[in-house]
S.K.: 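Supplied in structure tokens, the structure appears directly below.
In what follows, every chain begins at residue 1, and chains take the letters A, B, ... in the order their sequences are listed.
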Protein chains: 2
Amino acid sequence: MIDRPLSLDDLLCFALYSANNAMGRLYRPLLAPHGLTYPQYLVLVALWQRDGQKVTDLGAALNLESNTLTPLLKRMEQAGLVQRQRSQEDERSVIVTLTSKGRELEKAAVEISRCILEAAGEDVAELIRLRDRIQTLTARLQTAQ
Amino acid sequence: MIDRPLSLDDLLCFALYSANNAMGRLYRPLLAPHGLTYPQYLVLVALWQRDGQKVTDLGAALNLESNTLTPLLKRMEQAGLVQRQRSQEDERSVIVTLTSKGRELEKAAVEISRCILEAAGEDVAELIRLRDRIQTLTARLQTAQ
DNA sequence: GTTATTTAAATCGCACGCGATTAAATCACA
DNA sequence: TGTGATTTAATCGCGTGCGATTTAAATAAC
């Protein structure tokens with residue numbers, strides 16, 4: 001950010017790192033009662049939006065690959081949140097589908113979102129602007145890499 | 001963010017999660033040649049700023065606790081980057097000090113920061129503003145928790 | 001001066017992220 | 001039609017983050 005005496009607080013990367021950790025700490029107690037972790041919750045959000053996605057689709061949505069998703073999805077399957085089945089048309093693909101239990105949790109998500117929003121601050125318009133700026137940054141970082 | 005059909009792209013938390021992962025992916029190939037991971041790099045930044053910190057001090061700077069830091073610092077000690085020694089005044093505390101090798105790496109950090117900045121975009125003033133907004137958010141999340 | 005409390009690291013277990021590799025199914029195409 | 005290339009998950013290993021607990025040292029209290 002600034003050249004000379006490199007300081008943690010100067011670093012955009014550390015700001016992101018710190019904010020992400022703080023967000024995770026905030027979600028944890030909200031998700032734990034439902035037996036969910038934070039990344040698992042994101043998978044559910046993706047599936048509530050569109051059920052029956054391939055692992056690759058979820059990977060594209062979440063910017064993750066099978067080495068992360070496969071074990072995570074297996075744990076979610078163990079927990080009775082999703083079903084995993086090989087596609088008929090293409091045996092390479094695995095389709096991930098919500099169970100009724102997984103679908104049911106969408107109701108709880110409303111309250112969880114409310115809690116996070118409350119913690120993040122009152123000015124929602126400002127938060128949306130911030131989110132958009134971060135998304136733009138992510139896009140730039142991804143094309144750079 | 002927005003109430004109805006909850007979408008990944010609506011979520012501030014997912015924006016942070018995604019940006020942080022992308023940042024990590026960007027740093028990895030820059031740090032790997034020096035045998036560093038991203039969190040280890042952040043520890044070095046903290047120590048370049050002020051050498052000889054207690055584990056608790058580093059934890060306060062990085063928002064981490066000993067359950068994360070102790071193993072990480074042991075790996076850095078193994079790698080010859082830092083030294084860990086019990087404080088004389090208070091045997092409970094462990095002081096972490098840079099080795100010459102750890103100090104040496106500060107030079108490389110300049111080029112690494114340049115690469116990241118280049119990937120993040122041209123408008124540095126905008127990046128600083130973004131960083132500040134994220135820091136403000138983190139502060140709010142931490143007081144909420 | 002002994003005991004209770006507090007503080008600082010460390011340990012343990014579990015769930016990510018991800019580089020590297022593998023195995024299997026599908027595709028391209030000669 | 002067969003064979004090499006590509007695509008898709010899965011597997012493995014390692015380094016975090018963090019809740020929960022433990023150990024030891026220092027401090028407070030009485």
Side-chain angles (χ1 to χ4, degrees), chain A residues 14 16-33 35-43 53-60 62-79 81 84-96 142 145, chain B residues 14 16-33 35-43 53-60 62-79 81 84-96 142 145:
Chain A
F14 177 65
L16 285 170
Y17 170 86
S18 231
N20 185 53
N21 284 347
M23 195 62 95
R25 285 191 284 267
L26 205 59
Y27 266 102
R28 192 180 302 272
L30 300 173
L31 295 174
L36 281 175
T37 66
Y38 183 42
Q40 288 173 14
Y41 175 73
L42 295 177
V43 167
Q53 296 192 54
K54 290 184 284 189
V55 174
T56 309
D57 298 333
L58 289 172
L62 296 162
N63 297 309
L64 294 173
E65 299 188 22
S66 65
N67 51 4
T68 299
L69 283 174
T70 297
L72 189 157
L73 291 169
K74 281 187 174 178
R75 281 186 287 269
M76 293 182 74
E77 188 178 37
Q78 284 302 309
L81 298 164
R84 294 162 62 249
Q85 48 198 347
R86 289 279 164 186
S87 163
Q88 299 298 342
E89 304 98 56
D90 188 338
E91 286 282 341
R92 289 172 302 182
S93 300
V94 167
I95 313 286
V96 183
Q142 277 166 348
Q145 171 45 25
Chain B
F14 176 64
L16 284 169
Y17 170 85
S18 232
N20 185 52
N21 284 346
M23 197 61 96
R25 286 191 283 267
L26 206 59
Y27 266 101
R28 192 179 301 274
L30 299 173
L31 296 175
L36 281 175
T37 66
Y38 183 42
Q40 287 172 13
Y41 175 73
L42 294 177
V43 168
Q53 296 193 55
K54 290 184 285 188
V55 174
T56 309
D57 297 334
L58 289 172
L62 296 162
N63 297 308
L64 294 173
E65 299 189 22
S66 66
N67 51 4
T68 298
L69 281 175
T70 297
L72 189 156
L73 292 169
K74 281 187 174 178
R75 281 186 287 268
M76 293 182 75
E77 189 179 38
Q78 284 302 308
L81 297 165
R84 295 161 63 249
Q85 48 199 349
R86 290 278 164 188
S87 163
Q88 300 297 344
E89 303 97 56
D90 188 339
E91 285 283 340
R92 292 173 302 181
S93 300
V94 167
I95 312 286
V96 182
Q142 277 166 348
Q145 171 45 25

S.K.: Among C:dA15, D:dA9, D:dG19, which nucleotide has an atom closest to any side-chain atom of A:Lys54?
M.R.: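 Of the candidates, D:dA9 comes closest.
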
S.K.: Taking atom CG of A:Leu31 and atom OH of A:Tyr38, what is their separation to the nearest 0.5 Å?
M.R.: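 So the gap between those two atoms works out to 9.0 Å.
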
S.K.: Please report the C-alpha distance between B:Val43 and B:Met76 in whole Å, then the side-chain angles of each, then the deciding distance to 0.1 Å, and finally whether the side-chain contact (heavy atoms from CB on, under 4.5 Å) criterion is met.
M.R.: CA-CA 9 Å; B:Val43 168; B:Met76 293 182 75; 3.8 Å; yes

S.K.: So does B:Arg86 pair up with B:Glu91, basic N to acidic O under 4.0 Å?
M.R.: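 No, no charged N to carboxylate O under 4.0 Å.
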
S.K.: Counting only heavy atoms not in B:Glu77, do more than 12 fall under 6.0 Å of its CD?
M.R.: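 Yes, enclosed.
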
S.K.: Base, sugar-phosphate, or nothing: which does A:Thr68 touch, judged by heavy atoms less than 4.0 Å apart?
M.R.: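 Base, at least one base atom sits under 4.0 Å.
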
S.K.: Check the orientation of A:Tyr27 and A:Tyr41. Use parallel for under 30°, tilted for 30 to 60°, and perpendicular for over 60°.
M.R.: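 It falls in the tilted class, 30° to 60°.
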
S.K.: So which one's nearest nucleotide on DNA chain D is more toward 5', A:Val55 or A:Gly24?
M.R.: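 Closer to the 5' end of DNA chain D: A:Val55.
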
S.K.: Could you work out which one of D:dC18, D:dT16, C:dG19 sits closest to the side chain of B:Gln40?
M.R.: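 Nearest to the side-chain atoms of B:Gln40, counting from C-beta on, is D:dT16.
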
S.K.: May I ask you to say what A:Leu69 touches in the nucleic acid, namely base, sugar-phosphate or nothing, with a heavy-atom cut-off under 4.0 Å?
M.R.: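 Since no nucleic acid heavy atom lies under 4.0 Å of A:Leu69, the category is nothing.
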
S.K.: Out of B:Ile95, B:Val55, B:Leu73, which residue meets the side-chain contact (heavy atoms from CB on, under 4.5 Å) rule with B:Arg84?
M.R.: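 It is B:Leu73; the other options fail the test.
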
S.K.: Whole angstrom is fine here: how far is it from CD in B:Glu65 over to P in C:dG13?
M.R.: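 Whole-Å distance recorded here is 19 Å.
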
S.K.: Output the rounded distance in Å from CG (B:Leu64) to C1' (D:dT16).
M.R.: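 Rounded to whole Å, this separation is 9 Å.
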
S.K.: Could you list all N or O pairs between the protein and nucleotides 25-29 of chain C that sit under 3.5 Å apart?
M.R.:
{"from": "C:dT26", "atom 1": "OP1", "to": "A:Glu91", "atom 2": "N", "distance (Å)": "3.2"}

S.K.: Ignoring hydrogens and angles, are the base of D:dA10 and the side chain of A:Ser66 linked by a donor-acceptor pair under 3.5 Å?
M.R.: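 Indeed, a donor on one side and an acceptor on the other fall under 3.5 Å apart.
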
